[in-house]
Structure formats: C-alpha cells, structure tokens
2 protein chains.
Amino acid sequence: MTRSSRVRRPATLASLAAELGVSRTTVSNAYNRPDQLSTQLRDRVLETARRLGYPGPDPVARSLRTRQARAVGLLLTEELAFAFRDPAALGFLEGLAQACENAGQGLLLIPASARHADLGAVHQASVDGFVVYSVPEGDPHFEAVLRRPLPTVVADQPMNTPGVDRVGVDDRGGMRTLARHLVELGHRRVGVITMRLSNTAFDGFVDPERQGRAAFGVQRERLAGLREGFAEAGVEWSQVPVMERFEHTMAAGAAGADQLLTHHPGLTAVACTSDILALGALRLAAERGWTVPDNLSVTGFDGVPEALAAGLTTVVQPVRAKGLAAGELLLERGDRVEPKSVVLPTELSVGATSGPARAIERWFSGL
Amino acid sequence: MTRSSRVRRPATLASLAAELGVSRTTVSNAYNRPDQLSTQLRDRVLETARRLGYPGPDPVARSLRTRQARAVGLLLTEELAFAFRDPAALGFLEGLAQACENAGQGLLLIPASARHADLGAVHQASVDGFVVYSVPEGDPHFEAVLRRPLPTVVADQPMNTPGVDRVGVDDRGGMRTLARHLVELGHRRVGVITMRLSNTAFDGFVDPERQGRAAFGVQRERLAGLREGFAEAGVEWSQVPVMERFEHTMAAGAAGADQLLTHHPGLTAVACTSDILALGALRLAAERGWTVPDNLSVTGFDGVPEALAAGLTTVVQPVRAKGLAAGELLLERGDRVEPKSVVLPTELSVGATSGPARAIERWFSGL
DNA sequence: AGGCCCTTCTGAACCGTTACCGTCATCGGA
DNA sequence: TCCGATGACGGTAACGGTTCAGAAGGGCCT
C-alpha cells in the first residue's frame, strides 16, 4: 500500500452503503453493533470496506454525533516540553496517563504557554473534560477552559475555583511539619527560597504583603506552613527573609541561595519550596565550600527522585497518586453535581541535609 | 458561575443566531473572520454569546467541517505511563512536544498497550496525523494507524514501512564505533545484553537466528553494529553470547548480567543495547564486588542523563532532536508525496566504565 | 442617471456519522 | 387464514458547525 493511496480522500460510510446497496445505518451497525445484523451481511460489509479502502467510521463525525471524544485534555501553562523536564510534573503526568489508560481514554496535551496569546488551542481541543495542572490564578487559558461546558478537575492550583473539582496535597501541613523539624534542630535564623509568586518575571526578596498576593496558591500555602511552624517557636515571620525566583531550575535555586546568604550571612537553614531549588541551594553551598548540614541545613519540597537520591531533607508529596486521582476524579464522576476536593497527605523525609543548628553557631563563632 | 450551569447543554451557534436575528454565517464569521462583519455587529454577537453562555464554536463540529483537528496522535505500544518513566522515551517526547507546541498543535497520547486488544483508541483518535514511536513490526495498533488515511511518521521502529516517513538514528554505526572502542581496548571476549527482540516475554540467551528474526529493527541494527565492529577484529559473532531481557529496567539489566557472567565468567566486557540495562549491569558488578572498568567493562546505548551522570561509556543518540524531527516531519510536509527518511548521527561517549582488557586478563590469571 | 465596486450580511449545501423509529418479511400458533 | 411476535434492515433527522456564491445597500465615478 503506497502513501498516496493511503492519503487520498477515503470512501465514506455512505459510499460504502451505496456500493453495497444497503442503508448507512446497516454499515454503521456493522462496525458498532454487530448484533444488529446477520453475520453474513456484516462480513460482506467489512469485506467491501476492505476492498474500497474504507478506514472505518470517521472519528470526528462520530464524536459529533455521540458527543464524546474519548480523550482528556491537559492544560499546563508552561511549555509542553516543560512537562517532560520537571520531575514533579512528570510524576503527575505519569499518574494521569495511568488513569487515562485504565479508562481507555486518550490524553491530549494542549499547547497553552504564554507564547500562545490566542486561546485557540483550548477552544479547539476535542475532549470530554479537562485536567488543569498548576496554573496561576486568573490565567486566561484556564478561564477559557472554564467556559467550555465540560467537566474540569484542577490539580494543585488555582485553589478555590467555585464549582470545580480539585486534587491537591497538604502543602501547608507538610511545610509546618518541616518547620517543626528545623525548630527541633534548633534553627531560628532561617531563610526561604520560593518558586515564582506571580506570572511576571521577578527575582528577589518578597515581603509578606506580596506573599499574600501570590497568584500561586500552592506557594502561599507552603509559605504559610513555614510561617505557622516557626511561629510556634516564636520566630517572627516578618523577620524571615523570603527569596523569590521566577525560573524553576537548579541554577535559579543556586542564585537565590547566593543572594539570600549574601544578605543574611547568619542564616542556619534555608527552606526551599521545591526540591529543584533546594538542589540548587545545595550546589551553591558546595561552591562556597560549606558543609551540609554542619554549616547549613537545606530542605526542599516534593520528594522528586533526584532529591531523595541526593539525601535531601524534604516533604514528599505523592505526585503520581495526585495525577491518578485527578484522572479518576474526572473520569469516574457519574452524574455528581457538587464539587469534590481531594487532599492527599504529605510526609516529611529527613535526609542528610538537615542537622542541628548548634554546629552552625559554633562555625560562625569561629569566624 | 456554578458547575451545573457550566455543564448544562450549552447554546449553539444556531440558537445564538436566532436570538440575534442574524444568520449562522454571521455568527460564525464573528468568531473566525472578524473582517467579514462590522465591528458593532461583532461586538453585539460576542456580547450576546457571553450573556447566553455560548462557549464559542464547537471544536468537534468545526473539525468535521474543516477536516482538521489541530492535534498529532502519538502511538506507543507500551503503557502510556511508560513514556514518562523511560528516560529515552522522555527525551523523545520532549522534542515531539516542542514541535507540536511550535506549530500550535495538541499532542494526543493514545492508549494502545497490549491491554487494549481492541483498536478503538486508534480508530477514535481525532488527529491530523500520527507519530509512531518504536513499536514492533506487525503491531496491530500500528497497522490500524496505517489504515487511517492520515500522514504518519515512524520514529525508530518499525523500519522499512513502505511509503511512510521515518526518523531514526545511526544505530548500527554507533554500535560499530563502540565495538571498535572495545576492540582497541583489547577486548575479545565480550558478552551482550539486549532489550527484547520480540513481543512475547522471553529472558535468556539468543542465537543469531533469533536475532535476525527480531521484531525490533533497532535492536537488530545495534546487534549488527556490534557484530560488524567485532568482526573487524576477527571476533566470530557466533561466539559472542547475547542475553535478551524482556523488561527494560535496571533490575532486568542486573539479572541479565548475572546470568551472562555466570555462564561466561571469562568475559572482559559487557555491551548493552541500552543505558538502562547497562546501569543494571553496573549494579550487578558492584554487588559482585567487581571494579569497573578494571575487572569488567560495561557499555550502554542512548546517552540518557542518568547514564552520562554515572560516567557510563555509551553511544549518545540525540533523542530530543529525534522527537523534534519526527514532529516537524509530520507537520511541515507540504504536499510532499515521496516518503522521507531522516537518520540522525550518534556519538560515542567514552566514560569511566570502559578500560583496557589487559587488567581483566591479569585479574583472571590471579584467580 | 447609470454603472461599478465595496462592504455587509444571508441562504443553502455540505462535513460523515449515529439515534430514533418505522417498516417489512418471516414464522409459529390459533 | 389471520395475527402478533421477532429479527433484520432502512429512512429521516439531527449533531454543530463552515463555506461559497450571491444579494442588498450605499458610495463613488463618469
């Protein structure tokens, strides 16, 4: 079979029916309801289809009529390729893909990065529902998704979208537990490196006011968890320097740590709101010749494989389960109407990058 | 806006036109060809649409008429989740996603693992073309793809599908270069661990006959490259033990290496047809207390990040570029008819896991 | 005044299917 | 012989749009 023959406009169900001298319904039934016609006729239909090169009912026309596309749309505001680079996103996707596979549904990745000002990709997506992964509040693509009359599940962010299902993790509780861990180790002078808090590029220190205005609820929650945990030990949050980085890379984490530690040399611990940033901070510590955790404690959030392999103290969130839950929430809703919210637990993983603050005090006194 | 209002059957273009007292054409134009109607009328249309909760033209109906879905279908025979676990597949996907993003196209992951005996997912995919990633020859899902009257690009496998575009890498040449590298280091007693050669589960030694019958052209090519490279040094291929593993995991690589080295204790080098298997072999060597490369040389293929980080000697293939090329080949074909084949170069990356065979001989003589 | 073009909008065909309901033949039983 | 049940198939109307040719109306030029 040559390419050109495969690419020519194929026969339609109607032309096949005409060729056979039967009705279109019968041809349709031959494909979709074998029990509705005799075996002989069905075989004759299928045989003729083969002979004419009829590829079977057109999926688009079928979707139009049956009102289902057998696919789930995934909206990420980042570049598509990002999804395959970021370890946490990857875990989520793996779980989501699993859910789709289980249900025999396709998974449509929708190009909706900032490059695409038009919302065409969202409007044009032939899907039965959307999963929205971690987009900022007020994102126009997300709003376009909401206007589509389709069931939608939000993963992580934005939080509190009325009437929309959500699956997330206990960001705040996880970070609170982490903060307590640092407190127990004696840390009182801590710094924070956070992922971007808004959609506009900004790198630098952020005051609590901007923290509260953050367009990313997950970051707000994680910061709030740290605040609460440290508050229990009497650490005033306004005294805790928070460094924001727009990019989510190890390089950004290292740069953030550099700036943070340069302005606040007395810090005994740096808590990062992601593992990637924390790995960057670790790299910076190594560059400065500091020993972790003797000279500095560093913590992350997510529990990505790279971080666990590196022995990072971090909050592990079940990213895979989150993706799976998001998919299932979307696919297994029956005629449920009231929105559902799933919050998965997080777990502190104490690694080799957090240690007693004592040692650090000693180190500084020796300067 | 509550969920129930969002999920109710929405207004249609026709009902909107009726409400406005204009023709459907005009409403359609308001969305698709703003220059075809006055600004006032367009604003009135859009305003009324907002008021009635009309979500804009239905994508499926539009696709039916325009004959395009603005999406690319991706067929993998593995579980969907596999794509997010296997590093080489991941790199490919990243490149492909990039190509789709550049063209503003969606990327539809089609569930077509062995679990899905029915080909419905392929038949139902609303896409403008397919990218087929590394599936075995004769795969029924692939054949279903070929029956769809859509442009198709094969990545890696199956090779030599008449009339179909393909993008691959120089598997054979890469492996030949690797073999020469081992030869130069003095290796003559080598063993091989290969990925699965057929779709049916099998673990064990494979003779050249089965190698030639392999359903995976890429594996055939890589083995052929080794054969040719070693033949230049007078190493008879029939004397080279080849161990096949069905699973593609480090554990499988370790088990394969174990079996291989148990039956052929005199081997000085183990060449694997993938990095994952090679990393497994390295793990086994460590478990046995062997020093690499002093006691054993180990090589891989792919050049995945984990392998390069581990200093594995391997053949690096440009997986990302391969994905990008596959996407571009599909999306940028104009009215080209004759099939096109792209073969990307591979590069030997000499790491710390291959060394002179001398040392190994000495080690054995000391037993 | 008449012809022509331009802008703006309409009517009808078409895209390829499936849902719904009706029809027709066949057959067994009364 | 007639009747109702059953199985097999067909006709018609959606499904929700896009497209293209052309109509209506106004302005401009001659």
Side-chain angles (χ1 to χ4, degrees), chain A residues 8-46 48-49 52-70 120 123-128 148-150, chain B residues 8-46 48-49 52-70 120 123-128 148-150:
Chain A
R8 189 162 33 211
R9 181 93 80 91
T12 67
L13 186 144
S15 68
L16 183 55
E19 170 83 16
L20 281 158
V22 302
S23 77
R24 298 195 301 241
T25 305
T26 300
V27 178
S28 177
N29 283 336
Y31 284 93
N32 303 316
R33 305 182 172 183
D35 58 314
Q36 293 294 303
L37 71 176
S38 64
T39 316
Q40 306 96 288
L41 181 56
R42 174 157 195 264
D43 289 346
R44 201 156 66 85
V45 170
L46 266 37
T48 308
L52 265 48
Y54 175 63
D58 181 283
V60 175
R62 188 212 293 267
S63 280
L64 176 61
R65 187 63 239 231
T66 61
R67 302 174 156 283
Q68 49 176 329
R70 302 196 62 73
H123 292 140
Q124 189 60 28
S126 299
V127 295
D128 299 325
R148 294 280 307 265
L150 295 172
Chain B
R8 188 164 35 212
R9 180 94 78 94
T12 66
L13 183 144
S15 69
L16 184 55
E19 170 82 17
L20 281 158
V22 302
S23 73
R24 298 193 316 227
T25 304
T26 300
V27 177
S28 177
N29 283 336
Y31 284 93
N32 303 316
R33 306 183 172 183
D35 58 314
Q36 293 293 303
L37 71 176
S38 64
T39 317
Q40 306 96 291
L41 180 55
R42 175 158 195 261
D43 290 346
R44 200 157 68 84
V45 170
L46 264 38
T48 307
L52 295 185
Y54 175 64
D58 182 281
V60 176
R62 188 212 293 267
S63 281
L64 176 60
R65 183 64 232 233
T66 62
R67 305 176 153 282
Q68 49 175 331
R70 303 197 60 74
H123 292 141
Q124 190 60 30
S126 299
V127 295
D128 299 325
R148 293 280 306 266
L150 295 172

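Per chain, numbering begins at 1; letters A, B, ... match sequence-line order.
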In terms of side-chain heavy atoms of [X], which of [options] is nearest?
X: A61(B); options: dC9(D), dG17(D), dT10(C); answer: dG17(D)
X: R33(A); options: dT18(D), dA19(C), dT10(C); answer: dA19(C)
X: L41(A); options: dC9(C), dC9(D), dT18(D); answer: dC9(D)
X: S38(B); options: dT18(C), dT8(C), dG17(D); answer: dT8(C)
X: L13(A); options: dT18(C), dT18(D), dC9(C); answer: dT18(C)

Using a 4.0 Å heavy-atom cut-off across all strands, classify [X] as base, sugar-phosphate, or nothing.
X: L64(B); answer: base
X: V22(A); answer: sugar-phosphate
X: N32(A); answer: sugar-phosphate
X: T26(B); answer: base
X: Y54(B); answer: sugar-phosphate

- Message: Once hydrogens and angles are ignored, does a donor-acceptor distance under 3.5 Å link the base of dT18(C) to the side chain of T25(A)?
- Response: no
- Query: What about R65(A), does its side chain sit under 3.5 Å from the base of dT18(C) through a donor-acceptor pair?
  - Reply: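 Answer yes: a donor N or O sits under 3.5 Å from an acceptor.
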- Query: Atom OG1 in T25(A), atom CG in L37(A): separation rounded to 0.5 Å?
  - Reply: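 Going from OG1 on T25(A) over to CG on L37(A), the span is 11.0 Å.
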- Task: Indicate yes or no: at least one non-hydrogen side-chain atom of S63(B) is less than 4.5 angstrom from one of R70(B).
- Result: no
- Query: Taking C-beta and beyond as the side chain, do V60(A) and S126(A) meet within less than 4.5 Å on heavy atoms?
  - Reply: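 No - every pair of side-chain heavy atoms lies 4.5 Å or more apart.
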- Query: Does a nitrogen or oxygen in the side chain of R24(B) sit under 4.0 Å from OP1 or OP2 of dG17(D)?
  - Reply: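 No, outside the criterion.
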- Message: Taking R62(A)'s backbone N and O only, do any of them form a donor-acceptor pair with T66(A)'s side chain (distance below 3.5 Å, no angle check)?
- Response: yes
- Query: Once you round it to whole Å, what is the distance between P of dT8(C) and CZ of R42(B)?
  - Reply: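 Whole-Å distance recorded here is 13 Å.
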- Taking atom types as modelled, find out whether S23(A) and T26(A) have a side-chain donor-acceptor pair closer than 3.5 angstrom. yes
- Task: By nearest nucleotide on DNA chain C, pick out whichever of V27(A) and G21(B) is the more 5' one.
- Result: G21(B)
